[in-house]
2 protein chains.
Amino acid sequence: MAASPYQQLEEEFRRLHAFRGALAVLRWDAAVMMPRASADVRGEQLAAIEMECHAILVSPKVSRLIDRATANAQGLEHWQVANLREMRRQRDHALATPNTLVSRLAKASARAELQLREARRTNRYEDFAPHLEEVVHLTHDRAALLGQHLNLSPYDALLDEFSPGVSTTDIDVLFKALARRLPALVREAIELQIATPAVPLQGKFPLAKQRALSMEVMKALGFPFERGRLDESEHGCTEGMAGDIRVTTRSDINDPFQGLLGALHETGHALYDIGLPREWHDQPVGRNRGMALEESQSLLMEMVLARSRPFATYLQPLLEKHYGVTGQEWQAENIYRHLTRVRHGLLRIDADELTYPAHLLMRYELEKRLLSGELPVADLPEAWASAAEMRLGIVPQNLAEGCLQDLDWAVGRFGYFPASAVGALISMQLWEKVQATREDLDEEIIRGDFAGLVGWLAETVHALGAKMTVQELVQDATGRPLSAAPALRYLEHKYLEPR
Amino acid sequence: MAASPYQQLEEEFRRLHAFRGALAVLRWDAAVMMPRASADVRGEQLAAIEMECHAILVSPKVSRLIDRATANAQGLEHWQVANLREMRRQRDHALATPNTLVSRLAKASARAELQLREARRTNRYEDFAPHLEEVVHLTHDRAALLGQHLNLSPYDALLDEFSPGVSTTDIDVLFKALARRLPALVREAIELQIATPAVPLQGKFPLAKQRALSMEVMKALGFPFERGRLDESEHGCTEGMAGDIRVTTRSDINDPFQGLLGALHETGHALYDIGLPREWHDQPVGRNRGMALEESQSLLMEMVLARSRPFATYLQPLLEKHYGVTGQEWQAENIYRHLTRVRHGLLRIDADELTYPAHLLMRYELEKRLLSGELPVADLPEAWASAAEMRLGIVPQNLAEGCLQDLDWAVGRFGYFPASAVGALISMQLWEKVQATREDLDEEIIRGDFAGLVGWLAETVHALGAKMTVQELVQDATGRPLSAAPALRYLEHKYLEPR
């Protein structure tokens with residue numbers, strides 16, 4: 001019997017999946033293994049495969065099959081209908097942006113990234129500004145086209161790439177609640193912590209030992225090392241997918257926790273990939289539900305779990321085993337104080353759990369104004385400084401710790417920051433629910449038994465793939481609509497508790 | 001101005017080149033970095049990209065462009081004409097073998113390889129035979145189709161993949177001359193060496209030190225580590241291409257030379273890739289001229305250069321530096337004796353310079369008979385044993401050191417062994433010429449100055465890409481037709497010299 005249009009579509013997307021898997025390995029290799037001068041060669045390989053992926057999505061064949069499968073959708077099962085919807089979604093996103101614009105944006109981004117790194121060094125914003133200007137301009141065009149095609153406002157169209165279903169209106173409601181309470185909460189927490197300072201942790205922590213520690217914790221969480229790796233790279237990342245998943249982290253010989261926290265963040269991503277519905281692994285509906293949910297999983301591990309008191313208790317003997325450290329300052333309570341230390345800091349990537357959302361909020365507000373043209377690119381440093389003062393309580397002294405600290409805008413990634421903030425809110429809403437569901441959770445964590453926690457996440461989040469919207473998924477998982485209330489309850493309880 | 005058909009072809013082959021580069025990285029990763037259980041995922045990625053490469057070559061568009069470019073060839077330059085010929089050659093090879101046959105062969109090969117590894121352990125040939133039978137059968141079909149298409153005999157069609165322009169008739173002439181003299185030469189050399197035994201070299205040679213030694217020698221040869229890597233893997237290989245070239249070797253903690261010799265073999269391949277004409281690097285004419293010439297470059301490094309007296313002199317202080325070894329047995333003359341030790345051995349990959357060709361000769365004779373059906377697969381072990389007795393002077397005691405030692409036939413690689421033997425002959429013919437051309441070559445080698453040698457190879461071999469046939473290239477490089485005479489002169493002089 002000839003394959004149905006729907007079946008033929010599955011075959012096309014299977015091929016797409018294999019290409020994307022190859023891209024992931026090539027990107028991982030570029031970050032971890034590639035000889036330093038070989039970026040040009042790799043660029044050509046990535047571009048050729050990316051072009052092929054784009055060509056599959058925009059091919060008349062795929063569009064014809066989508067139309068025919070849609071017309072005959074009555075015979076499809078629930079998952080198949082959702083898969084067809086996700087196929088259409090990917091096709092629409094690809095169709096909306098012409099190849100020429102994608103290619104111009106890629107070139108402008110490469111230039112802007114280079115200039116950003118240079119401007120960090122020289123602190124000369126004016127050298128970088130024209131390049132950012134170009135990227136903002138092209139991204140605006142892309143957003144407008146995408147918005148036209150998807151019947152969304154330009155910025156909402158970008159959001160849709162990162163967190164399907166979540167609109168600016170949704171985010172504004174969430175962030176308003178957060179912004180109302182967060183600054184005071186940070187101040188109160190810092191005041192409380194002054195009264196209970198942590199004893200400093202000193203020493204050198206060789207990278208091989210940090211790696212062994214991270215691997216032991218990752219194994220306990222269920223990371224499958226027979227089908228995965230942990231390596232060092234300049235920026236932590238997760239590449240690959242269930243079957244061959246690769247996590248990288250960045251360790252600092254002077255910091256006992258940085259490598260581990262990075263590895264845990266990426267393990268959150270990896271466990272999401274591994275928990276995706278196996279039978280749909282090579283289809284759009286079997287992939288993750290976008291960046292907001294991705295970040296909910298990584299932040300749940302890095303920020304929520306890893307900075308919990310039971311985890312500090314679990315960690316103490318492991319630190320002794322791997323680092324050979326003993327003494328009062330390596331007791332669980334002092335470890336916990338270090339991991340929950342709140343600071344007015346300038347760098348997002350070093351931010352603690354409590355101030356992290358503030359970093360994202362200010363970026364969200366700035367990037368919307370940049371894209372709409374309301375904030376001229378030339379005025380960004382000033383706007384950044386006053387946003388930092390208001391949101392973080394501290395003003396950057398140079399561009400590297402100010403508006404040049406992130407690569408995202410330079411490479412045209414607008415929409416990521418709010419998605420990450422939504423992810424942070426979701427992580428805490430999920431945490432509240434799993435704590436209520438598993439009454440022995442704290443004891444399990446202390447013993448290093450994470451099967452219950454990871455199993456619950458797999459069941460309520462991972463196994464659903466891209467079957468529903470972010471909001472539907474959160475509603476089903478927690479029994480309540482997505483909101484900032486659980487996050488605020490959690491943060492108040494954790495950071496304002498009497499110590 | 002619209003691109004000409006020829007220019008459009010260059011664009012298509014540029015894309016093909018990028019895909020092949022991606023395949024090389026994915027294969028390297030599978031050999032060196034991939035988690036052990038991830039082979040299934042990798043298989044899907046490789047298959048998707050390989051299918052795309054095949055699809056480009058057999059596309060009506062490419063054939064149409066080839067026809068049109070050929071009709072308008074009068075405006076093309078010399079290199080472009082050669083490029084068009086190589087494009088047609090690749091297209092013809094791809095067109096000749098239908099996708100279904102390629103896919104059946106890939107599956108049968110995967111099964112046969114698995115069974116071969118199993119049969120090595122159990123020594124049960126009968127479990128492996130049906131799988132080899134199937135591969136031989138399918139390879140025969142492939143060769144017949146290829147031969148029909150290329151107007152060659154089936155076996156010549158396979159040879160054409162490995163050494164373009166070299167026919168069975170050519171090989172028979174070369175091998176006859178070799179076979180006539182080689183057995184007696186081996187006997188005489190062994191007798192002579194009995195009178196001048198080498199002092200045993202003992203010790204443990206940690207892999208990190210072997211790696212440092214290999215890297216130092218590779219750097220001296222001009223291997224560009226800013227655009228390349230050296231790693232360990234089960235089988236040595238060279239993957240990638242100029243711009244990002246990756247060499248692997250297999251080291252043995254008990255053997256001071258194995259890792260280095262393997263690295264030198266692969267460095268020969270790598271230098272070939274690096275020396276290919278830069279402006280044609282992404283076009284068929286800018287690629288290597290097949291396996292015979294590839295092997296001439298790797299064997300020249302591993303067998304000829306590395307086993308020369310000047311090289312032993314160069315090596316001595318490096319061994320002292322990296323291994324900390326001193327004493328009489330680590331003097332250059334004793335190192336040389338070790339590296340030129342001739343043995344009646346059963347394993348091809350451990351063979352010395354003098355007996356190596358004999359291993360290839362017997363495989364050539366057997367594989368021709370296997371493919372033609374004259375030698376039934378069931379009778380291979382017996383035929384192997386008598387060939388080994390005749391050619392190597394020694395009979396295998398089990399299958400692992402007999403007909404199951406190589407993977408090549410199990411995976412359908414027929415035609416590689418004679419190409420490798422032709423490569424060995426070419427390496428010695430080139431060596432005779434470069435010695436005559438550069439009168440200070442020995443002194444250069446002793447100083448570790450390989451620029452003259454590598455420069456000569458680059459100029460006479462590497463820089464010509466696939467512009468001419470193997471025979472034309474050898475004729476131009478050495479001033480004489482390809483023949484076994486230089487090899488025999490070289491081997492007699494080297495192995496029958498009074499010590």
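Chain identifiers are assigned alphabetically (A, B, ...) following the order of the sequence lines, protein sequences preceding nucleic acid strands; residue numbering begins at 1 within each chain.
- The backbone N or O of B:Arg211 lies less than 3.5 Å from no partner atom in the side chain of B:Ser214, so there is not a single donor-acceptor pair.
- Between the side chain of B:Thr238 and the main chain of B:Glu266, a donor-acceptor pair closer than 3.5 Å is present.
- Per-residue heavy-atom pair counts under 4.5 Å with chain B were compared for A:Ala22, A:Ala39, A:Ala242, and the maximum is reached by A:Ala22.
- In this structure, no portion of A:Met241 lies under 4.5 Å from any heavy atom of chain B.
- Of residues 224-231 of chain A, those residues with a non-hydrogen atom less than 4.5 Å from any non-hydrogen atom of chain B are, in numerical order, A:Phe225, A:Glu226, A:Arg227, A:Gly228, A:Arg229.
- Between A:Trp79 and A:Ala463, the shortest heavy-atom contact is CH2-O, 3.6 Å.
- Chosen from B:Val25, B:Asp282, B:Leu23, B:Val32, the residue pairing most often with chain A at heavy-atom distances under 4.5 Å is B:Val25.
- Salt-bridge check for A:Arg246 with A:Glu239: failed, with every basic side-chain N at 4.0 Å or more from each acidic carboxylate O.
- By the ring pair (Phe, Tyr, Trp, His ring centres under 6.0 Å) test, B:Phe450 pairs with B:Tyr314, sequence neighbours left out.
- For residues 9-18 of chain A, the interface with chain B (any heavy-atom pair closer than 4.5 Å) comprises A:Arg15, A:Ala18, sorted by residue number.
- B:Ser63 and B:Arg91 share a side-chain donor-acceptor pair at under 3.5 Å.
- In terms of modelled atom types and a separation under 3.5 Å, the side chain of A:Ser109 and the main chain of A:Leu105 share a donor-acceptor contact.
- Checked by atom type and distance alone, the side chain of A:Gln210 never pairs as donor or acceptor with a backbone atom of A:Leu207 at under 3.5 Å.
- In terms of heavy-atom pairs under 4.5 Å with chain A, the best-connected choice from B:Met33, B:Arg20, B:Arg36 is B:Met33.
- For the pairing with A:Gln297, the side-chain contact (heavy atoms from CB on, under 4.5 Å) check across A:Val461, A:Asp273, A:Thr267 returns one residue only, A:Val461.
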In a table with atom names and distances, give each donor-acceptor pair under 3.5 Å that connects a side chain of residues 41-50 of chain A to protein atoms at least two apart or in another chain.
from    : atom 1 : to       : atom 2 : distance (Å)
A:Arg42 : NE     : A:Gln45  : OE1    : 2.9
A:Arg42 : NH1    : A:Leu26  : O      : 3.0
A:Arg42 : NH1    : A:Asp29  : OD2    : 2.9
A:Arg42 : NH2    : A:Asp29  : OD2    : 3.2
A:Arg42 : NH2    : B:Asp244 : OD2    : 3.1

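- Under the 3.5 Å distance criterion, with hydrogens and angles disregarded, no donor-acceptor pair is assigned to the side chains of B:Glu232 and B:Thr249.
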